[in-house]
Undergrad: 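My structure is below; once you've seen it, I'll send some questions.
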Amino acid sequence: MALPPVFHHHFRRPLPYYTTLLLQEYLHRLQLARRKAGKQYPDLLLLLEHRPVYTAGRRQTDAELQNERKRLEARGADFVRTQRGGELTYHGPGQIVGYPLLDLGRSVPPVGVRDYICLMQKTLKLHLREAHNIDSSTTDLTGVFLAPDAKIASIGVQIRHRLTTHGFALNITNQPLAWFEDVVACGLDGVKATSVSAALGTDVSLREDVPGLVRRFGQVYERDMVPLDLDSDPEVADAIRHVEKEVRELEAAHEMAVEPTVWNSPFVEAAYLTGLTGAASASGMFGISDETAPEPKSKSPEESSPPQDNWTDFGGE
């Protein structure tokens with residue numbers, strides 16, 4: 001039986017990282033609830049740029065990250081702990097970030113996590129080769145490298161109930177490179193970030209790169225790729241419209257020198273990491289209810305590891 005299409009949407013303005021965390025969580029909960037109810041639910045690919053942000057993976061502790069948080073926030077970026085696999089990395093303008101929200105159980109047999117990661121790497125390598133005539137190197141590390149010491153793309157995913165969140169980041173322009181210099185990205189000593197622009201020695205348009213990447217995603221995953229019609233699914237569309245509205249208001253607040261919503265707030269981070277729904281609502285996001293809020297995680301990953309079929313994190317970022 002043919003699989004349903006993947007609906008893709010490209011956000012044209014850079015998004016705060018917390019915004020997309022809560023958007024992904026909302027859409028994940030929506031997919032899961034509809035699947036349990038026997039209703040139709042879409043597979044999605046969200047493509048975007050982030051505002052400057054450093055993110056840490058779920059296996060890094062507060063004690064480990066305290067000094068890094070202060071140092072990197074002073075640099076002018078947000079700092080966010082996440083529930084994805086991988087270690088500390090950077091996201092920002094000039095980088096295509098892709099968040100596939102897919103049900104790996106649609107296939108028979110279901111797609112395994114390592115196969116899912118391998119397909120993601122294959123997609124990025126194919127895009128670099130066909131769109132830019134850039135060959136990647138062979139490595140056992142997660143991500144895409146142009147040489148053993150030059151990384152151009154990161155991968156870090158989370159899979160719960162066979163539903164995926166988080167994804168990949170591909171450096172297109174040179175904008176992200178200076179930000180990477182401030183960290184040992186992904187815990188890889190001696191590895192530097194590179195970009196398509198750096199590899200080619202010329203400027204590259206990120207916006208013009210997106211359609212080809214979408215097409216090759218569908219080719220590798222063997223799925224039809226369809227632009228998301230914001231009039232076709234009100235619950236999904238309303239969440240995306242809300243994000244785009246919040247970002248416009250944030251930009252307007254900066255232009256008017258008005259104090260905007262505090263996106264990089266430890267209070268909001270607590271909402272995401274522990275499932276405090278009141279805090280999540282206070283962030284001005286989707287009005288996440290008890291049914292759709294992140295699951296409480298009062299224990300550390302070392303103290304309480306979810307079953308493998310319910311929770312998998314993976315990624316070298």
Side-chain angles (χ1 to χ4, degrees), residues 17 49-61 64-65 67-99 113-114 116-129 131-158 166-204 206 209 213 313-317:
Y17 194 83
E49 295 172 86
H50 278 301
R51 297 170 66 87
V53 60
Y54 292 96
T55 68
R58 65 187 290 257
R59 297 192 183 280
Q60 296 172 278
T61 67
E64 293 173 337
L65 297 171
N67 291 335
E68 281 292 82
R69 177 192 288 271
K70 293 178 180 178
R71 181 176 70 86
L72 296 173
E73 287 179 346
R75 174 82 163 80
D78 290 342
F79 188 97
V80 182
R81 284 186 60 208
T82 76
Q83 296 292 338
R84 59 154 174 81
E87 297 187 41
L88 190 66
T89 193
Y90 169 79
H91 298 307
Q95 188 183 69
I96 296 179
V97 174
Y99 293 134
V113 59
R114 292 195 178 274
Y116 174 64
I117 295 293
C118 287
L119 290 173
M120 192 173 291
Q121 290 187 167
K122 184 178 178 181
T123 298
L124 297 171
K125 290 181 176 182
L126 181 66
H127 179 71
L128 289 170
R129 185 171 65 251
H132 301 293
N133 198 29
I134 296 174
D135 289 323
S136 54
S137 65
T138 301
T139 176
D140 292 332
L141 297 171
T142 304
V144 179
F145 294 73
L146 302 191
D149 60 350
K151 188 174 185 181
I152 197 169
S154 301
I155 293 173
V157 304
Q158 182 184 35
H166 297 275
F168 62 84
L170 175 63
N171 299 329
I172 300 298
T173 76
N174 290 331
Q175 285 177 279
L177 303 189
W179 295 87
F180 274 107
E181 292 293 327
D182 286 336
V183 294
V184 179
C186 317
L188 298 175
D189 283 310
V191 175
K192 300 294 185 181
T194 189
S195 67
V196 173
S197 290
L200 298 179
T202 187
D203 292 337
V204 177
L206 183 146
D209 232 54
L213 183 57
D313 65 19
F314 188 97
E317 267 287 9

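Quick note: numbers below take in every heavy atom, side chains included, and nothing from hydrogens, waters or symmetry partners.
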Undergrad: At their closest point, which heavy atom of Gln95 faces which heavy atom of Glu49, and how far apart are they?
TA: O-CG, 3.4 Å
Undergrad: Would a distance-only check, ignoring hydrogens and angles, find a side-chain to backbone donor-acceptor pair under 3.5 Å from Ser137 to Phe145?
TA: yes
Undergrad: Between atom CD1 of Ile96 and atom CG of Leu206, what is the distance when rounded to the nearest 0.5 Å?
TA: 4.0 Å
Undergrad: Could you pull out the closest heavy-atom pair between Pro93 and Gln175, with the gap in Å?
TA: O-CB, 3.4 Å
Undergrad: Locate the shortest heavy-atom distance separating Ile152 from Ser195; write the atom from each residue and the value.
TA: CD1-C, 3.6 Å
Undergrad: Take the angle between the ring planes of His50 and Tyr17 and call it parallel below 30°, perpendicular above 60°, tilted in between.
TA: tilted
Undergrad: State whether the side chain of Tyr90 and the backbone N or O of Glu181 hold a donor-acceptor pair below 3.5 Å, judged by distance alone.
TA: no
Undergrad: I need the Leu213 CG to Ile172 CD1 distance, nearest 0.5 Å.
TA: 7.5 Å
Undergrad: Between Asn174 and Ser197, what is the shortest heavy-atom contact and its length?
TA: OD1-CB, 3.8 Å
Undergrad: How close do His166 and Val157 get, counting heavy atoms only, and between which atoms?
TA: CB-CA, 4.0 Å
Undergrad: Any donor and acceptor pair, going by atom type alone, linking the side chain of Thr55 with main-chain N or O of Val80 inside 3.5 Å?
TA: no
Undergrad: For the backbone of Gly143 and the side chain of Gln121, can you confirm whether one donor and one acceptor N or O come within less than 3.5 Å of each other?
TA: yes
